[in-house]
Amino acid sequence: MQGMMMEMPLRIIEILKYAAECHPGAEIVSRRCEGDLHRETYAQAYARSAQLAHGLARLGVSAGDRVATLAWNGYRHFELYYAISGMGAVCHTINPRLSAEQMLYIIQHAGDQVICVDLTFVPILEALAKAHPEEMRLAQTHENGRQIVVMTDRAHMPDSDLDLLCYEELLDGQPETYDWPVLPEDTAAGLCYTSGTTGHPKGALYTHRSTVLHALFLSVTVPRSLHEGARILPVVPMFHVNSWGLPYAAPIVGASLIMPGGALDGASIFDLMESEQVTASWGVPTVWLGLGAEAEKRGAVPSALDQLVIGGSAAPRSMIEFFETRGVDVCHAWGMTEMSPVGTHGQLSHHMKDKPFEEQMVIKSRQGRRVFGVEMKISDEDGKTLPQDGEAVGELYVRGNSVIAGYFNNEEASQEAFDDAGWFGTGDVASIDPDGFLYVQDRAKDLIKSGGEWISSIDLENIAMAHPKVASCAVIAIPHPKWDERPLLVVAPVSPEDPPKLEDIHEMMLEHVAKWQLPDAMECVEALPLTATGKVSKLTLRKRFDGYVLPDAG
Ligand code: ADP
């Protein structure tokens with residue numbers, strides 16, 4: 001029997017309309033490229049998004065067109081998210097840390113017609129246009145090429161050889177209301193490319209429905225960060241996987257967004273957290289190394305900080321303990337670009353809260369339970385589903401309304417990504433325990449295969465990170481004539497003159513892993529190379545140590 005309820009398509013713009021009407025006290029605070037701090041309410045952001053939509057329409061943007069952004073976290077970027085999707089176009093966020101070659105590839109692959117750029121990143125477009133004038137084909141009009149809008153006012157417009165439009169002029173004098181079209185909820189709304197550690201970047205094309213549902217899933221699963229009156233600082237960039245959905249989830253619950261712009265070092269983040277009384281902040285582990293060092297220097301954590309959500313790569317236990325012992329709850333999350341991105345969250349379940357601190361930390365260094373709306377399974381090499389008993393280890397597959405159904409205009413990659421039952425293969429190797437906690441052992445390609453057994457690079461890194469002389473580290477596989485592969489520990493020491501001793505790290509490791517899993521050697525580097533999303537780039541490290549000969553392998 002058919003139910004008898006209204007059916008209204010889920011639309012992203014409804015989120016901002018709701019916040020404008022129902023959360024008048026919440027705000028967006030932005031550290032701007034122009035150097036000052038800017039404040040606006042969600043009502044102001046809604047009115048300006050309407051003006052922006054009119055302005056974009058005047059540039060010739062219509063439904064289905066791709067409008068790109070190349071920008072830090074800030075209120076204009078937020079307005080672009082809503083105006084572009086609201087009018088039925090697609091917001092393509094470009095990661096400024098991509099190589100020129102990758103950026104050119106995705107601009108062409110996406111077919112971006114307008115590129116909205118922060119002042120900081122104008123030189124990137126200038127260089128691209130100079131090196132590849134044909135491929136970039138820039139012009140003031142839609143028919144003749146791509147248009148560039150600089151996200152600033154007239155007074156701050158840069159001198160440039162390029163034909164640049166001014167964001168604030170686009171809005172000036174436009175009506176503060178817009179007749180937002182009622183779109184089918186599976187209309188494309190956002191486009192984000194993976195950082196392409198193997199081959200070309202691949203595009204995840206989010207819909208209105210997936211984006212709204214993902215925001216709701218987040219709101220119900222991470223309430224300690226997401227609630228009315230909260231003040232959230234997304235360090236995770238809006239240029240990669242929609243800042244993990246915060247620009248959509250925060251307005252729903254009535255939380256304020258504190259946007260850091262480009263100042264992402266520990267001291268700047270600390271200052272902003274303090275002056276804006278930030279209650280929660282989300283980002284990748286590398287960012288929290290900086291904040292942790294700053295907190296140590298100042299002898300305290302930011303005074304209102306209540307929760308950190310750490311994800312994107314494994315959060316080392318020493319980092320979790322550092323913040324937990326200073327009164328900050330750490331929620332370890334796991335996800336992927338292809339999942340909008342959040343798949344799990346590390347909130348302890350109720351019955352775990354009485355466990356001793358040590359045990360809680362072990363649980364918290366796992367990747368947590370699935371968020372509502374995402375299903376997970378682990379499979380063996382033959383595709384057989386394995387038990388979720390905390391013992392069986394296999395490839396992790398996911399499905400749900402916030403998971404991609406294929407890659408944008410990429411038939412080949414789409415065909416390889418799913419199993420026969422239609423689940424998406426994450427490429428991660430993991431176990432799931434009876435409490436539903438995910439334990440990611442490694443990316444399949446980062447596991448170290450030694451004598452027919454596997455060694456988890458994440459496990460070894462987590463232990464080494466706890467050594468006081470280790471600032472950051474990574475473990476990579478080095479070919480070995482007898483064992484196939486053996487682990488090499490690459491360390492960036494706190495002080496280059498006083499590096500840690502491998503024997504001491506071995507000793508720490510022996511408390512947790514078997515002797516045969518210990519790294520065969522250690523090499524020190526000044527700093528570890530990072531990917532465009534701020535994770536340690538093992539690809540670069542593997543290239544750097546190509547041909548490395550381990551002590552007993554000569
Ligand atoms: P890319 O870095 O290519 O853009 P994503 O940002 O989508 O890709 O990264 C997704 C991958 O990051 C996951 O498949 C997983 O390997 C890793 N990852 C994300 N969160 C965690 C976590 N909490 N622990 C371990 N690995 C993680």
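Whatever order the structure lists ligands and atoms in, that order sets their numbers, starting from 1.
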| Would Thr531 count as a contact of ligand 1 if the rule is a heavy atom under 4.0 Å away? | no
| Salt bridge Glu375-Arg399, side-chain N to carboxylate O under 4.0 Å | yes
| message | Please verify the inter-ring angle class for Trp483 with His480; under 30° counts as parallel, over 60° as perpendicular, anything in between as tilted. | response | tilted
| task | Report, in ascending order of atom number, the atoms of ligand 1 lying under 4.0 Å from any heavy atom of Gln367. | result | 22 (C), 23 (N), 24 (N), 25 (C)
| message | Could you check whether any heavy atom of Met339 sits closer than 4.0 Å to an atom of ligand 1, since that is the contact criterion I want to use? | response | no
| Could a heavy atom of Gly312 be found less than 4.0 Å from some atom of ligand 1? | yes
| Taking atom 23 (N) of ligand 1 as the point of reference, which of Ala333, Gly335, Gly311, Ala314 owns the nearest heavy atom? | Ala333
| Taking atom 12 (O) of ligand 1 as the point of reference, which of Lys535, Met336, Lys445 owns the nearest heavy atom? | Lys535
| Are His200 and Tyr193 near enough that their ring centres are under 6.0 Å apart? | no
| task | Compare all side-chain heavy atoms of Glu338 with those of Phe424 and state whether any distance is below 4.5 angstrom. | result | yes
| note | ligand 1 atoms nearer than 4.0 angstrom to some heavy atom of Thr533 are 2 (O), 4 (O)
| query | Is Ile310 in polar range of ligand 1, meaning some N or O pair under 3.5 Å apart? | reply | no
| Taking NZ, NE, NH1 and NH2 as the nitrogens, is one of them in Asp419 or Lys377 under 4.0 Å from a carboxylate oxygen of the other? | yes
| Going by distance only, is there an N or O of His240 that falls short of 3.5 Å from an N or O of ligand 1? | yes
| Which part of Thr337 is near ligand 1, with near meaning a heavy atom under 4.0 Å away: side chain, backbone, both or neither? | both
| field | Option from Tyr82, Phe78, Phe217 for which ring pair (Phe, Tyr, Trp, His ring centres under 6.0 Å) with Tyr248 holds | value | Tyr82
| task | Please work out which of the three classes, parallel, tilted or perpendicular, describes the rings of Tyr105 and His109, given edges at 30° and 60°. | result | parallel
